[in-house]
Amino acid sequence: MTRGKGVRRPPQTRAAHASGTVPGLMDWYRDSGRHSLPWRFSRDPYVVLVSEVMLQQTQVSRVIPAYGAWLVRWPHVFCLAAASQGDVIRQWSGLGYNRRALNLQRAASALVAAGAESVPVDPAILITLPGIGRYTAAAVASFAGEMPVPVVDTNIGRVLARRYLGLGSVRDASPSRLWQLAAELLPAAGPAAREHNLALMDLGATLCRSAAPSCGSCPVASSCSWLLAGRPVPTAGTSVGPRFETTDRFARGRIIDALRRGPHSFDSLVALLPSPHSAQTGRLLSGLEQDGLVVRAVRGFWTLPGDD
DNA sequence: TAACCGTGGTG
DNA sequence: TCACCAAGGTT
């Protein structure tokens with residue numbers, strides 16, 4: 001397939017890092033960036049899209065093995081578009097937020113149905129696809145397409161909020177302000193913008209962490225508004241929810257995981273929940289059916305879509 | 001817009 | 001132990 005076509009090491013020449021819009025950032029990135037993350041060696045927009053969707057609210061360490069296995073099985077957008085939904089949901093096992101898997105294939109199918117021969121890198125097109133929002137569209141455009149577009153994820157947002165706005169938490173900053181800041185700081189050339197975006201992201205992920213940031217090692221500490229203000233404490237977090245095991249999210253996950261192993265009767269699905277109630281199970285199955293994650297089969301059995 | 005959507009790691 | 005968090009998106 002075309003997967004290997006765009007593979008190359010990120011440029012690490014001195015010239016690419018000699019200057020930057022954030023003093024100190026690119027020199028730090030050259031020495032301390034996460035250059036070995038597998039998806040950074042590719043410029044194939046399909047490959048980058050797969051990584052970005054998997055990384056939505058999911059840790060890097062959990063994505064790495066899933067990413068490799070996914071691309072072995074479906075190395076091109078054509079392959080994913082032709083896969084069965086059940087197989088796609090099974091392959092997503094362990095990543096959570098199973099609608100992401102379905103949306104990723106819906107996006108692939110929509111592209112192929114529209115005559116595309118590859119995943120586009122135009123963020124205006126990408127954002128029209130299911131499961132792709134502002135961040136993911138920008139990430140594919142910048143990281144795969146090397147287009148000079150700003151990128152704001154939770155890491156970059158936190159770095160910008162602290163360094164430029166003096167806010168301890170990204171939750172205290174307005175998203176539009178963060179995107180505006182990211183645009184103002186963006187280098188003009190696409191390849192340089194890509195490295196800049198990755199550098200900000202790595203700084204947020206490794207030093208400028210949400211909890212216990214390592215300001216002592218930070219390359220921009222001397223100009224950080226938040227640090228200079230004495231690291232004021234962020235506003236209080238959200239209220240505490242119920243135990244996870246009592247939530248719909250947990251029960252939905254149990255049901256999907258059971259159906260990954262094969263069809264189940266309604267009664268067997270009721271039985272595997274922490275507190276077995278047929279009313280709750282029926283409500284959950286209706287919701288899952290609405291999402292397209294489960295299908296009613298014969299004789300009151302339930303399956304993953306494509307397994308029936 | 002606030003709530004919802006999984007799962008696992010962490011201090 | 002547990003509240004918080006993790007390369008967000010959708011409704």
Side-chain angles (χ1 to χ4, degrees), chain A residues 33-34 37-40 47-67 89 92-104 106-107 123 126-144 150-160 168-171 174-176 178-179 182 194 197-206 208-214 233-260 274 283-284 287-288 290-294:
Chain A
R34 298 177 297 171
L37 292 179
W39 39 86
R40 293 197 182 173
V47 169
V48 173
L49 176 61
V50 169
S51 74
E52 290 302 337
V53 174
M54 286 185 173
L55 286 161
Q56 289 169 3
Q57 296 288 286
T58 306
Q59 298 92 330
V60 166
S61 60
R62 204 142 42 101
V63 168
I64 288 176
Y67 162 85
I89 295 168
W92 203 259
S93 179
L95 288 174
Y97 290 137
N98 299 299
R99 289 189 295 200
R100 289 185 297 167
L102 228 38
N103 281 334
L104 184 55
R106 286 172 179 148
L126 287 165
I127 205 167
T128 67
L129 298 169
I132 300 180
R134 188 172 186 181
Y135 163 75
T136 304
V140 172
S142 176
F143 303 153
V151 172
V152 177
D153 74 324
T154 185
N155 293 303
I156 294 175
R158 184 171 55 250
V159 170
L160 298 182
S169 169
V170 66
R171 289 178 312 208
S174 87
S176 62
L178 293 175
W179 281 93
R194 176 183 189 272
N197 287 330
L198 291 173
L200 282 176
M201 189 176 286
D202 283 5
L203 185 62
T206 63
C208 194
R209 295 181 300 266
S210 177
S214 299
V233 179
T235 60
T238 55
S239 60
V240 181
R243 287 184 58 77
F244 182 64
E245 289 72 17
T246 68
T247 64
D248 282 359
R249 300 245 286 278
F250 178 79
R252 283 168 56 107
R254 293 293 300 273
I255 290 172
I256 294 299
D257 211 37
L259 296 182
R260 283 189 175 107
R283 179 172 58 77
L284 292 171
L288 289 164
Q290 187 86 16
D291 293 336
L293 284 166
V294 306

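Residue numbers start from 1 in every chain, and the chains themselves are labelled A, B, ... in the order their sequence lines are given, proteins ahead of strands.
Inter-residue side-chain proximity for A:Leu200 and A:Asn155 is flagged as unmet; no heavy-atom pair is nearer than 4.5 Å. Proximity of A:Ile255 to A:Leu284: side-chain heavy atoms (C-beta onward) are separated by under 4.5 Å at one or more points. Using a 4.5 Å cut-off on side-chain heavy atoms (C-beta onward), A:Ile64 and A:Pro38 make contact. Between A:Asp257 and A:Ser93, the closest side-chain pair of non-hydrogen atoms falls below 4.5 Å. Two residues are said to be in side-chain contact when any heavy atoms from C-beta on lie closer than 4.5 Å; A:Trp92 and A:Val53 meet this criterion. Here the side chains of A:Tyr97 and A:Arg249 are in contact, with some heavy-atom distance below 4.5 Å. Residues A:Phe250 and A:Pro274 are in side-chain contact: their nearest non-hydrogen atoms beyond the backbone lie under 4.5 Å apart.
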What string of B, S and - do you get for nucleotides 5-11 of chain C, 5' to 3', when a contact is any protein heavy atom under 4.0 Å?
SBBBSS-
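In 5' to 3' order, the nucleotides of DNA chain B bounding all contacts with chain A (an atom under 4.0 Å from a heavy atom) are B:dC5 to B:dG8.
Across the P atoms, C:dT1 and B:dG6 are found 27 Å apart, a figure rounded to whole Å. C:dA7 and B:dG11 have their P atoms separated by 14 Å, with the value rounded to a whole Å.
Across all strands, A:Asp291 comes closer than 4.0 Å to no nucleic acid atom at all (heavy-atom distances).
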Please tabulate, one pair per line, all N/O donor-acceptor pairs under 3.5 Å involving side-chain atoms of residues 131-138 of chain A, not counting sequence neighbours.
{"unit_1": "A:Tyr135", "atom_1": "OH", "unit_2": "A:Glu52", "atom_2": "OE1", "d": "2.7"}
{"unit_1": "A:Thr136", "atom_1": "OG1", "unit_2": "A:Gln56", "atom_2": "NE2", "d": "2.9"}

